[in-house]
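Notes for the one structure printed next.
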Number of protein chains: 2
Amino acid sequence: MSFFKGREIYSVDTKGRVNLPAKMRKNLSPEANDTFVITRGPDDDPCIYAYPLDEWKKFEENLKKLNQFNEQERFFLRTLLYWADEIVLDKQFRISVPKSLLDFTRIGKEALILGSMDHIEIWDPQIFENYLSKKTESYAVVAESVMGIRKL
Amino acid sequence: MSFFKGREIYSVDTKGRVNLPAKMRKNLSPEANDTFVITRGPDDDPCIYAYPLDEWKKFEENLKKLNQFNEQERFFLRTLLYWADEIVLDKQFRISVPKSLLDFTRIGKEALILGSMDHIEIWDPQIFENYLSKKTESYAVVAESVMGIRKL
DNA sequence: CTGTCAGTGGGGAAAAGTGGGGAATAATGT
DNA sequence: ACATTATTCCCCACTTTTCCCCACTGACAG
């Protein structure tokens, strides 16, 4: 079971490759087999989601339970799988990001890599800044509303 | 058990041949025997469904359960089977699409190939764009209820 | 100072995608 | 029945892209 945290800003080379930070490599479970499934983030958050293979497999099991003859569920499947792509880390532990996803996320020469529990997120650093500054609620307030009802 | 995902835009040559993306070849199980059963999609989705032979066999089992004396089910079966055709990949892993299906789906010089779990879909790229942009809310709804995530 | 590990860059072999000629097969017409 | 036309599909060849591998730099520890 992988658990990612922390962040780094790395360069994106001319071939669209982004390094996976060393600290996240260490949290990668062997079952992931140095393989990630990457897809796009939610509409409001233009970033890349990268799931280690083992985490993705769990998703797949849920997807298989859907009924493809239901229009809504069919639409959901298509949108999700449309962006999905399986990539293997190279010997230098780099992710090769498809051009379509770089365009979608507006990632240029630099990328912010963010550990987010079961997956990794890749952002354009500037866009992530904007995302943070747009939030009017303070971290403390949100923290309380999200976590406050539970005992830590 | 095949699980297809991702997408590619490939050209359709003058002979109506469309390449099967390499990543989808890899997810093709040996039992499929390089054979697909292709048919048309649902009414609102003018695309081609291509099932690997082994997945089609499972699908057949479900079809057999239908009641042919029910008018609706009879109609469904007839339409589905009317368009169905068995094709074998050539040595370059290309699908030769019948002209009738190219006409039905309005596919011209280019085709979008979409992995969709147990089958592959072939669309005219423009028509798929329209399909995607037509609906957005239902995606979030299904995502939340099905995947336990808000939006992906 | 030196060895190791992390991040970055690029050359070249291999694979993937594309196109077309021509033999085998089927369809059509006289 | 045979000739003519059309279609299918097998095979070869070209082009582009991918990715495997090696090499360089800088930071940090011993």
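All figures in this text were calculated on a predicted structure; none of them were measured in a lab. Here is how names work: the chains are called A, B, and so on, in the same order as the sequence lines, proteins then strands, and each is numbered from 1. Every heavy atom of this structure was used, including side-chain atoms; hydrogens, water molecules and symmetry mates were not.
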| query | Thinking salt bridges, do B:Glu61 and B:Lys58 make one under a 4.0 Å N-O criterion? | reply | no
| request: Flag the pair B:Lys57 and B:Glu31 as a salt bridge only when some basic side-chain nitrogen lies within less than 4.0 angstrom of an acidic carboxylate oxygen. | output: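 Here B:Lys57 does not pair with B:Glu31 in a salt bridge, since their nearest N and O are not under 4.0 Å apart.
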| said: Classify the ring geometry of A:Trp83 against A:Phe104: parallel below 30°, tilted from 30° to 60°, perpendicular beyond 60°. | reply: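 Judged by the thresholds at 30° and 60°, the geometry between A:Trp83 and A:Phe104 is tilted.
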To the side chain of [X], which of [options] is closest?
{"X": "A:Asp13", "options": "C:dG9, C:dA6, C:dG11", "answer": "C:dG9"}
{"X": "A:Asn19", "options": "C:dT8, C:dA6, D:dC20", "answer": "C:dT8"}
{"X": "B:Ala22", "options": "C:dT18, D:dC10, C:dA16", "answer": "C:dA16"}

| field | Strand DNA chain D in bracket notation, Watson-Crick/G-U under 3.5 Å with | for pairs to another chain | value | ||||||||||||||||||||||||||||||
| said: For B:Leu20, run the side chain to side chain contact (heavy atoms under 4.5 Å, CB included) check against B:Glu8, B:Arg25, B:Arg94 and tell me which one passes. | reply: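 Exactly one candidate clears the test, B:Arg25.
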| B:Ile87, B:Leu89, B:Val88 screened by side chain to side chain contact (heavy atoms under 4.5 Å, CB included) with B:Thr35, the one that passes |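 Exactly one pass, corresponding to B:Val88.
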| Under-4.0 Å side-chain N/O to phosphate OP1/OP2 contact, A:Ser11 with C:dG9 |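 Checking A:Ser11 against C:dG9: at least one side-chain N or O falls below 4.0 Å of OP1 or OP2.
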| said: Walk me through whether A:Asp85 and B:Arg7 qualify under salt bridge (charged side-chain N to carboxylate O under 4.0 Å, His left out). | reply: CA-CA 8 Å; A:Asp85 209 348; B:Arg7 66 137 195 299; over 6 Å; no
| query | Between A:Arg25 and A:Thr14, which has a closest nucleotide on DNA chain C that is more 5'? | reply | A:Arg25
| query | What about the rings of A:Phe36 and A:Tyr51, do their centers lie closer together than 6.0 Å? | reply | no
Whole-Å distance separating the [atom1] atom of [X] from the [atom2] atom of [N]:
{"X": "B:Lys23", "N": "D:dT17", "atom1": "NZ", "atom2": "C1'", "result": "13 Å"}
{"X": "A:Arg17", "N": "C:dG10", "atom1": "CZ", "atom2": "C1'", "result": "8 Å"}
{"X": "A:Asp34", "N": "D:dC20", "atom1": "CG", "atom2": "C1'", "result": "14 Å"}
{"X": "A:Glu86", "N": "D:dC19", "atom1": "CD", "atom2": "C1'", "result": "16 Å"}
{"X": "B:Ile113", "N": "C:dA16", "atom1": "CD1", "atom2": "P", "result": "15 Å"}
{"X": "B:Lys15", "N": "D:dA6", "atom1": "NZ", "atom2": "P", "result": "16 Å"}

| query | Will you find, in the side chains of A:Tyr82 and A:Arg40, an N or O donor that is under 3.5 Å from an N or O acceptor? | reply |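 Looking only at side-chain atoms, A:Arg40 and A:Tyr82 do not form any donor-acceptor pair under 3.5 Å.
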| task | State whether a side-chain donor-acceptor pair under 3.5 Å links B:Asp118 with A:Gln68. | result |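 A pair is found: one side chain offers a donor N or O, the other an acceptor, under 3.5 Å apart.
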| request: Taking only heavy atoms on the protein side, list every residue of residues 88-95 of chain A lying under 4.0 Å from any atom of DNA chain C, sorted numerically. | output: A:Gln92, A:Arg94
